[in-house]
Each structure stands twice: as structure tokens, then as C-alpha cells.
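What follows is one structure encoded as C-alpha cells, with my remarks underneath.
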Amino acid sequence: PSPARLARLPLARVKALVKADPDVTLASQEAVFVLARATELFVETIAKDAYVYAQQGKRKTLQRKDLDNAIEAIDEFAFLE
Amino acid sequence: MASSSGNDDDLTIPRAAINKMIKETLPNVRVANDARELVVNCCTEFIHLISSEANEICNKSEKKTISPEHVIQALESLGFGSYISEVKDVLQECKTVALKRRKASSRLENLGIPEEELLRQQQELFAQVSEAMLVLMRLE
């Protein structure tokens, strides 16, 4: 069985975001593709991590504070603080 | 809903794409609007983070173009190593598609008439033209 596919991010937009960095000169199409996939995984991860806090609070709605908690607790998300 | 081109800094991943991803990840969960908004902005930050790091890695190598390997190294060094195996799967897909496309286009070129045959047809046409001109000159 093929793995569930996450919605694809629009590659043109990802590329535009990469190019918005003045230091970046060129990125290959494959590099943009890889970055888009990584970003999808990031969304999946942060959503799941945040949801843990909603569950702890016995809520069925994911709220902004759940994301804030996840960002604070998880080392890799420190860049978001 | 495309916005008119403004500041590059206003660029984000479209909300609809984020909503769809969240829905696929947490199927039966309601998500507050301000939480969605935060995820959109976090994505932008994530892309900037990884591409900056990849750019630095690229600069240190002799290459001028950020390659997928640079992005992978960036993910590793920034603590997102767990994403690497899935990301490599996608890269493999990429390369397979590119390879198929190259094979298909070279097969198409070969469907045409071989060069020797084209040359022969050209010689024949020239001969016909010469003959026609001779006829015309005699008629004048």
C-alpha cells in the first residue's frame, strides 16, 4: 500500500520564498522540490506535536497556544520563538 | 486568490495548502483560525531557515547552485534529520521522472527519418530542380 500523500505545496511559491533571500543566488529545481517536501513534513510534525497539548487540555480544538507550547518545548522549533 | 505583486516579504505558502495539510494530518480536529495563521507563518520561517543554511553549505562547496544534497545537509545540521529519509524518497522520484523524460525525448528524435535517407531525398530533389531548369531554359 502506498503511503498517504500529503497535499503538495505549490513549488513556484516555495521557489519564490527561497529567492526572496538576497544571499541566495540559485537553487536547483530538485533542491526546491526537496525543500517543499521537508516543509510538508514540518507542518505535519508541528501540528501533531501541538495537538498533544490540546489533548492534555482535554480539548478537541487545536488552539494557537498549543502551537506556542510545542514551539517552546521542542528544541528544533526554537527558531520560531 | 492571487494577491497583486507587492513586497517579497509578504510571501507565504497559500492558506488553502496549509489547511489541506493540517486536515490530512489531524483529520477530525477543529483548528482555530489564529492557529492556522501561525502555521502559515512558521512555514515561511522554516523555508527561510533551511534555505539560508543550505545556501551557506553551498557557498562552502565549489558549487554555485543549491543542490538537493545541500538542503539535506541543512536539514541534518538544524535538527531535522528525521525528515531526511522521506525527503530522499522524493528526490529519487524526481530523478526517475527526469530520466524517463530524457529517454522519451531521445526516442522521439529517433522516430524521424535517418540522416542518410534525408540526404538521399535532398539529392533527388536537387536533381529534379536541375532538370526542370534545363527544360525551362530550352523553352525560352
Side-chain angles (χ1 to χ4, degrees), chain A residues 3-10 12-51 54-55 59-68 70-71 74-81, chain B residues 8-9 11-14 17-26 28-32 34-35 37-39 41-52 54-56 58-59 64-72 74-75 78-80 82-84 86-91 93-95 98:
Chain A
R5 246 343 183 175
L6 285 181
R8 291 296 180 91
L9 290 181
R13 190 64 65 88
V14 176
K15 178 143 200 169
L17 278 160
V18 170
K19 287 174 88 163
D21 181 340
D23 296 330
V24 171
T25 42
L26 274 174
S28 77
Q29 192 174 357
E30 287 180 344
V32 173
F33 210 85
V34 160
L35 180 51
R37 184 72 186 113
T39 308
E40 291 172 10
L41 291 167
F42 168 76
V43 171
E44 186 183 1
T45 306
I46 200 169
K48 283 187 192 160
D49 290 341
Y51 189 54
Q55 287 173 312
R59 280 178 282 105
K60 291 224 179 95
T61 303
L62 189 71
Q63 287 172 3
R64 191 192 157 118
K65 63 183 176 184
D66 299 319
L67 286 160
D68 290 332
I71 288 168
I74 296 165
D75 290 339
E76 298 86 73
F77 297 156
F79 73 97
L80 293 165
E81 279 167 9
Chain B
D8 271 348
D9 296 334
L11 278 179
T12 58
I13 299 295
I18 301 291
N19 286 344
K20 194 164 179 208
M21 282 190 280
I22 295 175
K23 178 93 191 230
E24 285 176 9
T25 303
L26 303 170
N28 299 310
V29 177
R30 279 209 206 110
V31 179
D34 59 352
E37 187 64 30
L38 181 56
V39 174
N41 293 331
C42 288
C43 275
T44 303
E45 291 309 312
F46 178 79
I47 290 170
H48 285 315
L49 179 79
I50 305 299
S51 54
S52 265
N55 192 45
E56 269 181 47
C58 176
N59 288 338
K64 289 189 187 149
T65 305
I66 297 176
S67 73
E69 286 70 34
H70 297 147
V71 176
I72 288 171
L75 287 170
L78 290 164
F80 298 101
S82 60
Y83 298 179
I84 289 178
E86 280 206 54
V87 140
K88 279 188 174 169
D89 286 346
V90 137
L91 187 56
E93 253 180 64
C94 245
K95 295 195 198 267

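None of these values were measured; they are calculated from a predicted model. Below, read A as the first sequence line, B as the second, and so on, with proteins coming before strands; counting in each chain starts at 1.
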Please name the pair of heavy atoms, one in B:V29 and one in A:L62, separated by the smallest distance, quoted to 0.1 Å.
CG1-N, 4.1 Å
Quick check on A:L35 against chain B: is it the side chain, the backbone, both or neither that has a heavy atom closer than 4.5 Å?
both
Could you tell me the separation between the CG atom of B:L38 and the CZ atom of A:R64, rounded to the nearest 0.5 Å?
4.5 Å
Below 4.5 Å, heavy-atom pairs only: which of A:V14, A:T39, A:D68 has the largest tally toward chain B?
A:T39
Report the distance from atom CZ of B:R30 to atom CZ of A:R59, rounding to the nearest 0.5 Å.
13.0 Å
Supply the atom-to-atom distance A:D23 CG to B:N55 CG, rounded to the nearest 0.5 angstrom.
6.0 Å
Is there a side-chain contact between B:Y83 and A:T45 (heavy atoms, below 4.5 Å)?
yes
Non-hydrogen atoms of A:R13 and B:P14 that approach each other most closely:
NH1-CD, 3.8 Å
Atom of B:A35, atom of A:L67 and distance for their closest heavy-atom approach
O-CD1, 3.3 Å
CG-SG distance between A:L80 and B:C43, expressed to the nearest 0.5 angstrom
9.5 Å
With a 4.5 Å limit on heavy-atom distance, are the side chains of A:E76 and B:L78 in contact?
no
So, for A:L9 and B:A17, which heavy atoms are closest and what is the spacing to 0.1 Å?
CD2-CB, 4.2 Å
If you count heavy-atom pairs within less than 4.5 Å of chain A, which of B:G79, B:A54, B:A98 leads?
B:G79
Got a salt bridge between A:E30 and B:K95, using NZ or NE/NH1/NH2 to carboxylate O under 4.0 Å?
yes
For a quick test of reading the model, state the closest non-hydrogen atom pair linking A:A31 to B:P68 and the distance between them.
CB-N, 3.7 Å
Heavy-atom contact with chain A under 4.5 Å, split by part of B:V71:
side chain
Roughly how far apart are A:K65 NZ and B:D34 CG, rounded to 0.5 Å?
10.5 Å
What distance separates B:E86 CD from A:E44 CD, expressed to the nearest 0.5 Å?
7.0 Å
Nearest non-hydrogen partners of B:A32 and A:Q63, listed with the distance:
CB-CA, 4.2 Å
Okay, side chain of A:D21, backbone of B:S51: is any donor-acceptor separation there less than 3.5 Å?
no
Take atom CD in A:Q29; do more than 12 heavy atoms of anything else shown fall under 6.0 Å from it?
no
All side-chain contact (heavy atoms from CB on, under 4.5 Å) counterparts of A:T25, not counting sequence neighbours
none
Contacting moiety of B:L49, where chain A heavy atoms sit under 4.5 Å
side chain
Bottom line for B:S82: the part with an atom under 4.5 Å from chain A's heavy atoms is neither
With sequence neighbours excluded, what pairs up with A:F42 under the ring-ring contact (aromatic ring centres under 6.0 Å, His included) test?
A:F77, B:F46
